[in-house]
Amino acid sequence: MNRKLDELGRIVIPADIRDALGLVPGQALTVGLDLAHKCITLIPQGAYCRLCGSGEGLRHVNGKAICEKCLQIALADI
């Protein structure tokens, strides 16, 4: 998978990678640099709901953080 930097030096993280890492819009990431391997590291900060991005009232379901509000909505649909 290849991506190009835009004029401001930004790159879009592909959706399948964001989903695999559980990243949500607005989530803070620590950006690191490994010069020996010429790679950039992104480390998610804090826990956020995988569905809405909230950081409050989190529960872990099957290894994924989900807030109480989204969990209640999901359970109501079952």
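Predicted model only: the values in this text are computed from it and were never measured.
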Item checked: Distance-minimising heavy-atom pair for C70 and I66 ->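 Between these two residues, the closest heavy atoms are CB-CG2, 3.9 Å.
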
Item checked: Distance-minimising heavy-atom pair for C67 and E56 ->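 Nearest pair, atom of C67 first, then E56: CB-O, 3.5 Å.
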
Nearest-0.5 Å distance that lies between atom [atom1] in [X] and atom [atom2] in [Y]:
X	Y	atom1	atom2	value
C52	K69	SG	NZ	7.0 Å
I11	K4	CD1	NZ	11.5 Å
R59	C49	CZ	SG	12.5 Å
T41	L33	OG1	CG	7.5 Å
E68	L75	CD	CG	9.5 Å

Margin query: For I40, is the CD1 atom crowded, meaning more than 12 foreign heavy atoms sit under 6.0 Å from it?
Written below: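 Open.
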
Would you indicate whether the side-chain heavy atoms of [Y] and [X] approach each other to under 4.5 Å?
X	Y	answer
L42	I13	yes
V12	R18	yes
P14	M1	yes
L23	L29	yes

Notebook entry, point to check: Can you get from V61 to L51 by hopping between Ile, Leu, Val, Met, Phe, Trp and Tyr side chains that sit under 4.5 Å apart?
Noted result: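 They do share one cluster, since a chain of ILVMFWY contacts under 4.5 Å joins V61 to L51.
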
